There are 2 protein chains.
Amino acid sequence: MMTPSTLEELIEALRCLPGVGPKSAQRMAFHLLQRDQPGARRLASALGLALERIRHCEKCNSFAEEAICTLCRSPRRDPTQLCVVETPGDLLMMEQAQCFQGLYFVLMGTLSPLDGVGPKEIHLDRLIRRAADGVVREVILATNFTVEGDATAHYVGELLREQGLKVSRIARGLPVGGELEHVDSGTLAQAVLERREV
Amino acid sequence: MMTPSTLEELIEALRCLPGVGPKSAQRMAFHLLQRDQPGARRLASALGLALERIRHCEKCNSFAEEAICTLCRSPRRDPTQLCVVETPGDLLMMEQAQCFQGLYFVLMGTLSPLDGVGPKEIHLDRLIRRAADGVVREVILATNFTVEGDATAHYVGELLREQGLKVSRIARGLPVGGELEHVDSGTLAQAVLERREV
(Lines give C-alpha, C1' and ligand atoms only; values in the text may rest on other atoms or scores of the structure.)
Protein backbone atom coordinates (compact mmCIF):
# COMPACT_ATOMS: atom_id res chain seq x y z
CA MET A 1 0.00 0.00 0.00
CA MET A 2 2.53 2.62 1.11
CA THR A 3 5.38 0.73 -0.57
CA PRO A 4 6.12 1.17 -4.29
CA SER A 5 5.61 -2.12 -6.12
CA THR A 6 9.24 -2.50 -7.23
CA LEU A 7 10.27 -2.10 -3.60
CA GLU A 8 7.67 -4.66 -2.56
CA GLU A 9 9.00 -7.04 -5.20
CA LEU A 10 12.57 -6.52 -3.93
CA ILE A 11 11.44 -7.29 -0.36
CA GLU A 12 9.62 -10.40 -1.61
CA ALA A 13 12.65 -11.47 -3.69
CA LEU A 14 15.03 -11.11 -0.72
CA ARG A 15 12.94 -13.71 1.11
CA CYS A 16 14.38 -16.43 -1.14
CA LEU A 17 17.53 -16.13 1.00
CA PRO A 18 17.67 -18.77 3.75
CA GLY A 19 16.79 -17.44 7.21
CA VAL A 20 15.34 -14.18 5.89
CA GLY A 21 11.78 -13.45 7.00
CA PRO A 22 9.53 -10.49 6.09
CA LYS A 23 11.05 -8.15 8.68
CA SER A 24 14.69 -8.78 7.73
CA ALA A 25 13.83 -8.63 4.04
CA GLN A 26 12.32 -5.18 4.58
CA ARG A 27 15.33 -4.05 6.59
CA MET A 28 17.68 -5.34 3.88
CA ALA A 29 15.78 -3.62 1.07
CA PHE A 30 15.71 -0.29 2.90
CA HIS A 31 19.38 -0.62 3.79
CA LEU A 32 20.37 -1.31 0.18
CA LEU A 33 18.33 1.56 -1.28
CA GLN A 34 19.06 4.08 1.44
CA ARG A 35 22.66 3.38 2.35
CA ASP A 36 24.31 1.00 -0.05
CA GLN A 37 23.21 1.36 -3.66
CA PRO A 38 26.72 0.41 -4.88
CA GLY A 39 26.37 -2.78 -2.80
CA ALA A 40 22.99 -3.50 -4.37
CA ARG A 41 24.44 -2.98 -7.84
CA ARG A 42 27.34 -5.28 -6.99
CA LEU A 43 25.00 -7.96 -5.62
CA ALA A 44 22.78 -7.84 -8.71
CA SER A 45 25.74 -8.27 -11.03
CA ALA A 46 27.37 -10.97 -8.85
CA LEU A 47 24.12 -12.94 -8.94
CA GLY A 48 23.93 -12.57 -12.71
CA LEU A 49 27.53 -13.66 -13.25
CA ALA A 50 27.27 -16.61 -10.86
CA LEU A 51 24.08 -17.83 -12.51
CA GLU A 52 25.70 -17.53 -15.91
CA ARG A 53 29.11 -19.02 -15.16
CA ILE A 54 28.84 -21.44 -12.24
CA ARG A 55 28.28 -25.06 -13.21
CA HIS A 56 29.11 -28.43 -11.73
CA CYS A 57 32.60 -29.89 -12.04
CA GLU A 58 32.39 -33.00 -14.24
CA LYS A 59 34.57 -34.94 -11.84
CA CYS A 60 33.55 -33.90 -8.31
CA ASN A 61 30.12 -32.34 -9.02
CA SER A 62 30.97 -29.30 -6.85
CA PHE A 63 30.58 -25.73 -8.12
CA ALA A 64 33.11 -24.75 -10.75
CA GLU A 65 33.65 -22.28 -13.55
CA GLU A 66 35.50 -24.75 -15.75
CA ALA A 67 34.54 -28.27 -16.84
CA ILE A 68 36.97 -29.69 -14.25
CA CYS A 69 37.55 -27.65 -11.07
CA THR A 70 40.93 -26.52 -9.77
CA LEU A 71 40.90 -29.02 -6.90
CA CYS A 72 40.26 -32.00 -9.22
CA ARG A 73 43.02 -30.75 -11.54
CA SER A 74 45.57 -30.29 -8.75
CA PRO A 75 48.57 -32.65 -9.05
CA ARG A 76 49.15 -32.32 -5.30
CA ARG A 77 46.02 -34.26 -4.32
CA ASP A 78 46.02 -38.01 -3.74
CA PRO A 79 43.76 -39.53 -6.43
CA THR A 80 43.50 -42.88 -4.63
CA GLN A 81 41.24 -41.43 -1.92
CA LEU A 82 37.76 -40.13 -2.68
CA CYS A 83 35.72 -38.35 -0.03
CA VAL A 84 31.93 -38.18 -0.48
CA VAL A 85 30.22 -35.13 1.04
CA GLU A 86 26.68 -33.76 0.81
CA THR A 87 27.31 -30.15 -0.19
CA PRO A 88 30.01 -27.74 -1.43
CA GLY A 89 29.83 -26.20 2.06
CA ASP A 90 30.84 -29.55 3.58
CA LEU A 91 33.74 -29.76 1.11
CA LEU A 92 34.92 -26.34 2.30
CA MET A 93 34.68 -27.47 5.94
CA MET A 94 36.83 -30.52 5.12
CA GLU A 95 39.39 -28.31 3.37
CA GLN A 96 39.47 -25.88 6.28
CA ALA A 97 40.16 -28.80 8.66
CA GLN A 98 43.21 -29.65 6.49
CA CYS A 99 42.85 -33.32 7.31
CA PHE A 100 42.37 -34.80 3.84
CA GLN A 101 44.62 -34.76 0.81
CA GLY A 102 42.50 -36.78 -1.61
CA LEU A 103 39.73 -35.82 -4.02
CA TYR A 104 36.02 -35.26 -3.45
CA PHE A 105 32.61 -36.11 -4.77
CA VAL A 106 29.78 -33.77 -3.83
CA LEU A 107 26.33 -35.39 -3.78
CA MET A 108 24.49 -32.04 -3.76
CA GLY A 109 21.92 -33.57 -1.45
CA THR A 110 21.02 -36.79 0.32
CA LEU A 111 18.67 -39.65 -0.35
CA SER A 112 15.29 -38.67 0.99
CA PRO A 113 12.63 -41.04 -0.39
CA LEU A 114 9.81 -39.25 1.42
CA ASP A 115 10.69 -36.05 -0.44
CA GLY A 116 11.01 -37.90 -3.73
CA VAL A 117 14.82 -37.74 -3.74
CA GLY A 118 16.08 -41.12 -4.89
CA PRO A 119 19.44 -42.40 -6.23
CA LYS A 120 18.75 -40.83 -9.63
CA GLU A 121 18.08 -37.36 -8.25
CA ILE A 122 21.46 -37.21 -6.52
CA HIS A 123 23.28 -38.76 -9.50
CA LEU A 124 24.62 -41.80 -7.67
CA ASP A 125 25.41 -43.40 -11.05
CA ARG A 126 27.94 -40.59 -11.60
CA LEU A 127 29.55 -41.28 -8.21
CA ILE A 128 29.81 -45.01 -8.99
CA ARG A 129 31.43 -44.27 -12.36
CA ARG A 130 33.75 -41.73 -10.75
CA ALA A 131 34.84 -44.19 -8.03
CA ALA A 132 35.37 -46.98 -10.59
CA ASP A 133 38.08 -45.09 -12.50
CA GLY A 134 40.69 -47.70 -11.52
CA VAL A 135 42.70 -45.14 -9.53
CA VAL A 136 40.44 -44.65 -6.49
CA ARG A 137 41.16 -47.26 -3.82
CA GLU A 138 39.29 -45.95 -0.80
CA VAL A 139 36.01 -44.05 -0.60
CA ILE A 140 35.50 -42.09 2.63
CA LEU A 141 31.85 -41.37 3.35
CA ALA A 142 31.58 -37.98 5.04
CA THR A 143 27.83 -37.35 4.82
CA ASN A 144 26.16 -35.88 7.90
CA PHE A 145 25.16 -38.04 10.85
CA THR A 146 21.48 -37.32 10.25
CA VAL A 147 18.87 -39.91 9.28
CA GLU A 148 19.22 -38.92 5.60
CA GLY A 149 23.01 -38.67 5.71
CA ASP A 150 23.35 -42.06 7.40
CA ALA A 151 20.91 -43.72 4.99
CA THR A 152 22.79 -42.23 2.04
CA ALA A 153 26.14 -43.41 3.41
CA HIS A 154 24.72 -46.90 3.94
CA TYR A 155 23.25 -47.12 0.43
CA VAL A 156 26.32 -45.65 -1.28
CA GLY A 157 28.60 -47.90 0.78
CA GLU A 158 26.78 -51.04 -0.37
CA LEU A 159 27.01 -50.03 -4.03
CA LEU A 160 30.72 -49.20 -3.80
CA ARG A 161 31.65 -52.36 -1.92
CA GLU A 162 30.00 -54.34 -4.74
CA GLN A 163 32.58 -52.67 -7.03
CA GLY A 164 35.35 -54.09 -4.84
CA LEU A 165 36.27 -50.71 -3.34
CA LYS A 166 37.38 -50.10 0.23
CA VAL A 167 34.71 -47.97 1.90
CA SER A 168 35.02 -46.12 5.21
CA ARG A 169 32.85 -43.75 7.22
CA ILE A 170 34.17 -40.76 9.23
CA ALA A 171 34.05 -41.39 12.98
CA ARG A 172 31.28 -40.48 15.36
CA GLY A 173 32.24 -39.53 18.88
CA LEU A 174 32.79 -36.70 21.31
CA PRO A 175 33.95 -33.42 19.83
CA VAL A 176 37.50 -32.26 20.55
CA GLY A 177 37.36 -30.56 23.96
CA GLY A 178 33.99 -32.26 24.55
CA GLU A 179 32.96 -33.11 28.09
CA LEU A 180 30.90 -36.18 28.94
CA GLU A 181 28.64 -34.07 31.08
CA HIS A 182 27.59 -31.88 28.17
CA VAL A 183 27.32 -34.35 25.32
CA ASP A 184 24.00 -35.94 24.30
CA SER A 185 23.54 -39.59 25.25
CA GLY A 186 23.31 -40.78 21.63
CA THR A 187 26.77 -39.38 20.86
CA LEU A 188 28.17 -40.81 24.07
CA ALA A 189 26.70 -44.25 23.31
CA GLN A 190 28.29 -44.18 19.83
CA ALA A 191 31.62 -43.07 21.28
CA VAL A 192 31.60 -46.11 23.59
CA LEU A 193 30.44 -48.45 20.81
CA GLU A 194 33.12 -47.21 18.42
CA ARG A 195 35.87 -47.08 21.06
CA ARG A 196 39.45 -47.66 19.90
CA GLU A 197 42.16 -49.64 21.58
CA VAL A 198 45.01 -47.41 22.81
CA MET B 1 41.05 -21.30 -3.21
CA MET B 2 38.57 -24.13 -3.67
CA THR B 3 35.80 -21.69 -4.55
CA PRO B 4 35.38 -20.40 -8.11
CA SER B 5 35.98 -16.64 -8.23
CA THR B 6 32.42 -15.74 -9.36
CA LEU B 7 31.11 -17.70 -6.37
CA GLU B 8 33.56 -15.92 -4.08
CA GLU B 9 32.40 -12.58 -5.49
CA LEU B 10 28.75 -13.56 -4.89
CA ILE B 11 29.56 -14.48 -1.27
CA GLU B 12 31.42 -11.18 -0.86
CA ALA B 13 28.55 -9.23 -2.48
CA LEU B 14 25.95 -10.84 -0.18
CA ARG B 15 27.82 -9.38 2.77
CA CYS B 16 26.53 -5.91 1.87
CA LEU B 17 23.22 -7.08 3.38
CA PRO B 18 22.82 -5.96 6.99
CA GLY B 19 23.42 -8.70 9.55
CA VAL B 20 25.04 -11.06 7.04
CA GLY B 21 28.52 -12.29 8.00
CA PRO B 22 30.88 -14.55 6.06
CA LYS B 23 29.23 -17.81 7.20
CA SER B 24 25.66 -16.72 6.34
CA ALA B 25 26.81 -15.23 3.04
CA GLN B 26 28.35 -18.58 2.10
CA ARG B 27 25.20 -20.45 3.14
CA MET B 28 23.06 -18.02 1.13
CA ALA B 29 25.22 -18.33 -2.00
CA PHE B 30 25.21 -22.14 -1.84
CA HIS B 31 21.47 -22.17 -1.21
CA LEU B 32 20.75 -19.93 -4.19
CA LEU B 33 22.96 -21.87 -6.61
CA GLN B 34 22.08 -25.32 -5.35
CA ARG B 35 18.41 -25.04 -4.53
CA ASP B 36 16.90 -21.81 -5.74
CA GLN B 37 18.29 -20.54 -9.03
CA PRO B 38 14.88 -19.06 -9.98
CA GLY B 39 14.98 -17.16 -6.67
CA ALA B 40 18.47 -15.87 -7.47
CA ARG B 41 17.32 -14.75 -10.91
CA ARG B 42 14.31 -13.02 -9.38
CA LEU B 43 16.49 -11.29 -6.78
CA ALA B 44 18.96 -10.05 -9.40
CA SER B 45 16.18 -8.56 -11.51
CA ALA B 46 14.33 -7.09 -8.51
CA LEU B 47 17.55 -5.35 -7.43
CA GLY B 48 18.04 -4.00 -10.93
CA LEU B 49 14.47 -2.72 -11.23
CA ALA B 50 14.48 -1.16 -7.77
CA LEU B 51 17.80 0.62 -8.43
CA GLU B 52 16.44 1.90 -11.70
CA ARG B 53 12.95 2.96 -10.65
CA ILE B 54 12.95 3.81 -6.96
CA ARG B 55 13.52 7.46 -6.16
CA HIS B 56 12.51 9.83 -3.41
CA CYS B 57 9.02 11.37 -3.30
CA GLU B 58 9.35 15.12 -3.87
CA LYS B 59 6.94 15.82 -1.04
CA CYS B 60 7.71 13.31 1.73
CA ASN B 61 11.21 12.16 0.68
CA SER B 62 10.25 8.48 1.18
CA PHE B 63 10.81 5.85 -1.52
CA ALA B 64 8.51 6.20 -4.50
CA GLU B 65 8.25 5.25 -8.14
CA GLU B 66 6.54 8.47 -9.13
CA ALA B 67 7.51 12.10 -8.45
CA ILE B 68 4.84 12.26 -5.72
CA CYS B 69 4.07 9.02 -3.84
CA THR B 70 0.61 7.50 -3.46
CA LEU B 71 0.38 8.45 0.20
CA CYS B 72 1.14 12.12 -0.48
CA ARG B 73 -1.41 12.11 -3.31
CA SER B 74 -4.16 10.48 -1.25
CA PRO B 75 -7.19 12.76 -0.72
CA ARG B 76 -8.05 10.78 2.43
CA ARG B 77 -5.05 12.03 4.42
CA ASP B 78 -5.18 15.12 6.63
CA PRO B 79 -2.74 17.66 5.11
CA THR B 80 -2.68 19.82 8.24
CA GLN B 81 -0.62 17.27 10.18
CA LEU B 82 2.94 16.40 9.20
CA CYS B 83 4.79 13.58 10.93
CA VAL B 84 8.61 13.57 10.74
CA VAL B 85 10.25 10.12 10.85
CA GLU B 86 13.83 8.94 10.33
CA THR B 87 13.36 6.17 7.78
CA PRO B 88 10.81 4.63 5.37
CA GLY B 89 10.73 1.68 7.78
CA ASP B 90 9.55 4.00 10.56
CA LEU B 91 6.86 5.35 8.24
CA LEU B 92 5.65 1.79 7.65
CA MET B 93 5.56 1.15 11.41
CA MET B 94 3.43 4.27 11.89
CA GLU B 95 1.07 3.15 9.13
CA GLN B 96 0.79 -0.34 10.62
CA ALA B 97 -0.13 1.21 13.97
CA GLN B 98 -3.01 3.00 12.19
CA CYS B 99 -2.77 5.91 14.60
CA PHE B 100 -2.06 8.77 12.22
CA GLN B 101 -4.08 10.17 9.33
CA GLY B 102 -1.80 13.01 8.25
CA LEU B 103 1.17 13.19 5.89
CA TYR B 104 4.83 12.36 6.46
CA PHE B 105 8.32 13.66 5.94
CA VAL B 106 11.12 11.10 5.96
CA LEU B 107 14.51 12.46 7.00
CA MET B 108 16.42 9.43 5.67
CA GLY B 109 18.75 9.70 8.64
CA THR B 110 19.45 11.76 11.72
CA LEU B 111 21.78 14.57 12.60
CA SER B 112 25.07 13.04 13.65
CA PRO B 113 27.78 15.74 13.68
CA LEU B 114 30.49 13.27 14.73
CA ASP B 115 29.83 11.25 11.56
CA GLY B 116 29.73 14.40 9.45
CA VAL B 117 25.94 14.32 9.04
CA GLY B 118 24.70 17.90 9.44
CA PRO B 119 21.45 19.70 8.56
CA LYS B 120 22.44 19.80 4.87
CA GLU B 121 23.07 16.07 4.60
CA ILE B 122 19.56 15.22 5.81
CA HIS B 123 17.95 17.97 3.72
CA LEU B 124 16.40 19.88 6.58
CA ASP B 125 15.85 22.84 4.22
CA ARG B 126 13.43 20.65 2.27
CA LEU B 127 11.55 19.77 5.46
CA ILE B 128 11.29 23.45 6.43
CA ARG B 129 9.94 24.33 2.97
CA ARG B 130 7.55 21.36 3.08
CA ALA B 131 6.21 22.39 6.51
CA ALA B 132 5.82 26.02 5.43
CA ASP B 133 3.31 25.23 2.67
CA GLY B 134 0.59 27.16 4.50
CA VAL B 135 -1.54 24.03 4.96
CA VAL B 136 0.46 22.18 7.62
CA ARG B 137 -0.52 23.31 11.10
CA GLU B 138 1.13 20.76 13.36
CA VAL B 139 4.43 18.93 12.95
CA ILE B 140 4.73 15.72 14.99
CA LEU B 141 8.33 14.68 15.59
CA ALA B 142 8.54 10.87 15.58
CA THR B 143 12.30 10.36 15.42
CA ASN B 144 13.76 7.62 17.62
CA PHE B 145 14.47 8.19 21.30
CA THR B 146 18.20 7.76 20.73
CA VAL B 147 20.83 10.46 21.25
CA GLU B 148 20.81 11.26 17.52
CA GLY B 149 17.02 11.06 17.19
CA ASP B 150 16.49 13.31 20.20
CA ALA B 151 19.07 15.83 19.00
CA THR B 152 17.45 15.88 15.57
CA ALA B 153 13.98 16.37 17.04
CA HIS B 154 15.28 19.20 19.20
CA TYR B 155 17.03 20.95 16.29
CA VAL B 156 14.13 20.48 13.86
CA GLY B 157 11.66 21.57 16.52
CA GLU B 158 13.48 24.88 17.07
CA LEU B 159 13.56 25.64 13.35
CA LEU B 160 9.88 24.85 12.86
CA ARG B 161 8.73 26.83 15.88
CA GLU B 162 10.54 29.85 14.41
CA GLN B 163 8.20 29.45 11.43
CA GLY B 164 5.25 29.77 13.78
CA LEU B 165 4.25 26.11 13.50
CA LYS B 166 2.87 23.98 16.31
CA VAL B 167 5.46 21.28 17.05
CA SER B 168 4.93 18.12 19.13
CA ARG B 169 6.98 15.05 20.01
CA ILE B 170 5.57 11.52 20.37
CA ALA B 171 5.38 10.38 23.99
CA ARG B 172 7.98 8.43 25.90
CA GLY B 173 6.77 5.99 28.54
CA LEU B 174 6.10 2.37 29.37
CA PRO B 175 5.10 0.13 26.47
CA VAL B 176 1.53 -1.15 26.32
CA GLY B 177 1.46 -4.25 28.57
CA GLY B 178 4.72 -3.07 30.12
CA GLU B 179 5.49 -3.91 33.74
CA LEU B 180 7.43 -1.58 36.02
CA GLU B 181 9.59 -4.49 37.13
CA HIS B 182 10.88 -5.12 33.63
CA VAL B 183 11.30 -1.63 32.27
CA ASP B 184 14.65 0.20 32.32
CA SER B 185 14.97 2.99 34.85
CA GLY B 186 15.45 5.68 32.19
CA THR B 187 12.09 4.86 30.61
CA LEU B 188 10.41 4.70 34.03
CA ALA B 189 11.88 8.07 35.00
CA GLN B 190 10.58 9.60 31.77
CA ALA B 191 7.16 8.03 32.30
CA VAL B 192 6.95 9.68 35.71
CA LEU B 193 8.27 13.02 34.39
CA GLU B 194 5.81 13.02 31.49
CA ARG B 195 2.86 11.75 33.55
CA ARG B 196 -0.64 12.86 32.53
CA GLU B 197 -3.52 13.90 34.69
CA VAL B 198 -6.39 11.41 34.51
Side-chain angles (χ1 to χ4, degrees), chain A residues 1-20 24 26-55 57 62-66 69-71 87-89 91-92 95-96 104 108-109, chain B residues 1-7 9-20 24 26-55 57 62-66 69-71 87-89 91-92 94-96 104 108-109:
Chain A
M1 29 123 229
M2 295 313 136
T3 323
S5 62
T6 45
L7 182 53
E8 251 174 23
E9 165 59 14
L10 175 58
I11 293 171
E12 207 41 58
L14 281 163
R15 294 196 53 194
C16 74
L17 297 171
V20 174
S24 328
Q26 187 186 299
R27 201 162 42 94
M28 286 174 169
F30 286 156
H31 172 88
L32 289 176
L33 290 171
Q34 196 179 333
R35 290 182 220 275
D36 197 6
Q37 295 216 2
R41 220 161 271 127
R42 182 181 174 185
L43 179 54
S45 95
L47 282 165
L49 269 183
L51 285 166
E52 187 190 308
R53 295 210 193 142
I54 300 278
R55 45 178 166 164
C57 168
S62 191
F63 294 130
E65 279 174 58
E66 308 89 9
C69 75
T70 40
L71 196 152
T87 67
L91 188 158
L92 274 187
E95 284 301 297
Q96 277 159 22
Y104 292 93
M108 291 283 174
Chain B
M1 28 123 228
M2 295 313 135
T3 323
S5 63
T6 45
L7 182 53
E9 163 60 14
L10 175 58
I11 293 171
E12 208 42 56
L14 281 163
R15 293 194 54 193
C16 73
L17 298 170
V20 174
S24 329
Q26 186 187 302
R27 202 163 42 94
M28 285 174 169
F30 287 156
H31 173 88
L32 289 176
L33 290 171
Q34 196 179 335
R35 291 182 217 275
D36 197 5
Q37 295 215 2
R41 220 160 270 128
R42 181 179 176 188
L43 179 54
S45 94
L47 282 164
L49 270 182
L51 284 166
E52 186 190 311
R53 294 208 193 143
I54 299 277
R55 45 178 166 164
C57 168
S62 191
F63 294 129
E65 280 175 58
E66 307 89 7
C69 75
T70 40
L71 196 151
T87 66
L91 188 159
L92 273 186
M94 287 287 296
E95 284 300 296
Q96 277 159 22
Y104 292 93
M108 292 283 174

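Remember, predicted model here, so these are calculated numbers, not experimental data. Letters A, B, ... are given to chains in the order of the sequence lines, protein chains preceding strands, and every chain is numbered from 1.
Looking at Ser5(A), the atoms closer than 4.5 Å to chain B (heavy atoms on both sides) sit in the backbone and in the side chain alike. In this structure, chain B has a heavy atom under 4.5 Å from the side chain of Gln26(A), while its backbone stays farther away. If you measure heavy-atom distances from Arg41(B) to chain A, the contacts under 4.5 Å come from both the backbone and the side chain.
The choice from Leu14(A), Ile11(A), Leu47(A), Asp36(A) that makes the most heavy-atom pairs within less than 4.5 Å of chain B is Leu47(A). Highest contact tally toward chain B, considering only Glu9(A), Glu12(A), Arg35(A), is held by Glu9(A) [criterion: heavy-atom pairs under 4.5 Å]. Counting heavy-atom pairs closer than 4.5 Å to chain B, the top-ranked of the candidates Leu32(A), Ile54(A), Leu7(A) is Ile54(A).
The nearest pair of heavy atoms linking Gln34(A) to Gly109(B) is NE2-N, 4.1 Å. The shortest non-hydrogen separation linking Leu10(A) to Ala50(B) is CD2-CB, 3.9 Å. When every heavy atom of Ser62(A) is checked against every heavy atom of Met108(A), the shortest pair comes out as CA-CE, 3.9 Å. The two atoms that bring Cys69(B) and Glu66(B) nearest to each other are CA-OE1, 4.2 Å, heavy atoms only.
Rounding to the nearest 0.5 Å gives a distance of 10.0 Å between CG of Leu17(B) and CZ of Arg27(A).
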